[in-house]
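Data block below; observations after.
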Amino acid sequence: MSDTPPAADTRLDGRAAIVTGAARGLGRAEALALAAEGARLVLNDLPGDALDAVAEEIRDNGGEAVVHAGDVADWNTGEGLVKASLAAFGSLDILVNNAGFTRDRMIFNMTEEEFDSVVRVHLKGHFVTSRHAVTYWRGVSKSEGGPVYGRIINTSSEAFMIGAPGQPNYAAAKGGITSLTLSTALAVGRIGVRTNAICPRARTDMTTAIFGAAPADGPDPLSPAHVSPLVAYLASPAAESVNGQVFMVYGGHVAALVPPTVAEVASAPDGAAWTPAGLAGALRVPDGGFVTPYPKLG
Ligand SMILES: NC(=O)c1ccc[n+]([C@@H]2O[C@H](COP(=O)([O-])OP(=O)(O)OC[C@H]3O[C@@H](n4cnc5c(N)ncnc54)[C@H](O)[C@@H]3O)[C@@H](O)[C@H]2O)c1
C-alpha cells in the first residue's frame with residue numbers, strides 16, 4: 001500500500017464552460033487551460049477572427065469549442081451564452097467572467113462615457129452572465145432536488161484595493177466585481193455554486209504599456225499561462241470547498257487575500273454619540289487610509 005494521497009480531482013472531462021473575452025490575453029489562456037483538462041468551451045468575445053482562431057486551436061488539440069460572440073454586458077448576450085452551452089453541450093458547469101477594456105484617465109479629466117463604458121463592460125458584464133448562469137443552476141437544483149455543480153470565476157484586479165489614481169472607472173468596477181463575487185458566493189453557495197475572484201497580473205494587449213515586452217530569454221513571469229492554472233483549479237471538483245475567496249496570481253505565485261480588518265476603534269463613553277470635536281481628539285486613523293500598498297509576492 002502506498003502512503004501517497006489520492007491525486008486531487010482537477011479534471012474537467014465533459015464539463016461545459018463559458019469564457020468571456022476569450023479571443024486573446026488571459027481569456028484565451030484560460031479557455032485553453034480548461035480545454036486541456038477536458039472541458040467543452042463556449043467562447044465569447046466581440047465578433048472577429050481572433051475568437052474563431054481560439055475555437056479552432058481547441059478543436060485542433062482534440063477539444064470541443066463553440067463560439068458565441070457579442071457584447072458581454074448586453075443582457076441578450078448573457079442569456080445567449082447560457083443557451084449556447086445548453087444547445088451545444090446539454091449543460092453549463094463553469095462560467096469564467098474575464099472580458100473587459102480600460103479607458104484610463106485621472107478623475108478630473110474623465111468623461112462620462114469613459115466612466116460608464118468601463119463600469120458597464122466589467123461590472124455589468126460580470127453581472128449579466130452570472131445572473132443567467134445562476135438562474136439556470138437554481139432551476140436545475142429545484143428540479144433535481146439537490147445541489148448542482150456550478151463554478152463562477154470572476155476577474156477583479158489589484159486596482160480595487162490599491163487606489164489606482166489613473167483608473168477611477170476601472171478601480172470602481174473591479175471593487176464592484178469583488179463585492180459581486182462575495183454576494184453571489186453567499187446567495188448560491190447553498191445550491192452548490194462556488195464563486196471566487198482572481199486579481200491577475202499578465203503581459204497582454206491591455207498591459208503592454210505598463211509591463212513592456214516579454215524577456216528575450218527564459219520563461220516570462222508575466223505570461224497569462226501563470227494565471228490560467230488557478231482558473232482551471234477553481235473550476236474543478238478539487239475546489240469544492242473554495243467559495244467567496246479572492247486571489248492574487250502572477251509569475252508562479254498565488255495568494256489568498258483576507259478581508260479588510262478593523263484597525264482602530266474610538267468608542268464614546270457609555271454609548272453616547274461623539275461630538276466632532278471629541279472625535280478630532282480621539283480618533284486615530286491608519287497611515288494611508290484604506291488603501292493597500294501594491295503587494296509583492298515572492
Ligand atoms: N493583464 C493584467 O495584468 C490584468 C490585471 C488585472 C486584471 N486584468 C483583467 O483581466 C481580464 C482580461 O484582460 P487581458 O489583460 O487579457 O486583456 P486583453 O485586452 O488582452 O483581453 C480582453 C478581451 O476582452 C474582450 N472584450 C472587450 N470588451 C468586450 C465586450 N464588451 N464583450 C466581450 N468581450 C469584450 C476584448 O476584445 C479582448 O479580447 C480583464 O477583465 C482585465 O481587467 C488583467
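What you see below is based on every heavy atom in this structure, not just the backbone, and it leaves out hydrogens, waters and symmetry mates. All ligand and atom numbering here is 1-based and tracks the order in the structure. Positions are given from 1 along the sequence.
- Using a 4.0 angstrom heavy-atom cutoff, R203 does not count as in contact with ligand 1.
- Between the choices I177, V72, T204, I198, the shortest heavy-atom distance to atom 32 (N) of ligand 1 belongs to V72.
- Contact annotation: N98 has at least one heavy atom less than 4.0 Å from an atom of ligand 1.
- Within 6.0 Å of the CG atom in D49, the count of heavy atoms belonging to other residues, nucleotides or ligands does not exceed 12.
- In this structure, the protein non-hydrogen atom closest to atom 35 (C) of ligand 1 is A99 CB, 3.6 Å.
- Protein heavy atom closest to atom 22 (C) of ligand 1, with residue, atom name and distance, is G100 O, 3.6 Å.
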Scan the side chains in residues 78-88 for donor-acceptor partners under 3.5 Å anywhere in the protein, sequence neighbours excluded, and list what turns up.
unit_1, atom_1, unit_2, atom_2, d
S85, OG, S91, O, 2.7

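- Follow the hydrophobic side-chain contacts under 4.5 Å out from V19 and you never reach V72; the two are in separate clusters.
- When each of L234, V227, I153 is paired with F247, the side-chain contact (heavy atoms from CB on, under 4.5 Å) condition holds for L234 and for no other.
- Using a 4.0 Å cut-off to heavy atoms of V121, the atoms of ligand 1 that qualify are 28 (N), 29 (C), 30 (C), 31 (N).
- Using a 4.0 angstrom heavy-atom cutoff, F211 counts as in contact with ligand 1.
- Looking at S157 next to ligand 1, no N or O pair under 3.5 Å apart turns up.
- Heavy atoms of R28 come nearer than 4.0 angstrom to ligand 1 in no pair at all.
- Between R24 and ligand 1, a contact under 3.5 Å exists for at least one N or O pair.
- Between Y170 and ligand 1, at least one N/O pair is under 3.5 Å apart.
- Under a 4.0 Å criterion applied to the non-hydrogen atoms of S156, ligand 1 contributes the atoms 7 (C).
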Name the atoms and distances for all side-chain donor-acceptor pairs under 3.5 Å in residues 259-278, with sequence neighbours left out.
unit_1, atom_1, unit_2, atom_2, d
W274, NE1, A266, O, 3.1
T275, OG1, G278, N, 2.8

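- Annotation: cation-pi pair R15/Y149 present, NZ/CZ under 6.0 Å from the ring centroid and within 45° of its normal.
- From L92, atom CG reaches atom CD1 of I94 across 8.5 Å, with rounding to the nearest 0.5 Å.
- Residue contact check: N44 has heavy atoms under 4.0 Å from atoms 33 (C) of ligand 1.
- The option from G70, G21, A202 that lies nearest to atom 3 (O) of ligand 1, judged by heavy atoms, is A202.
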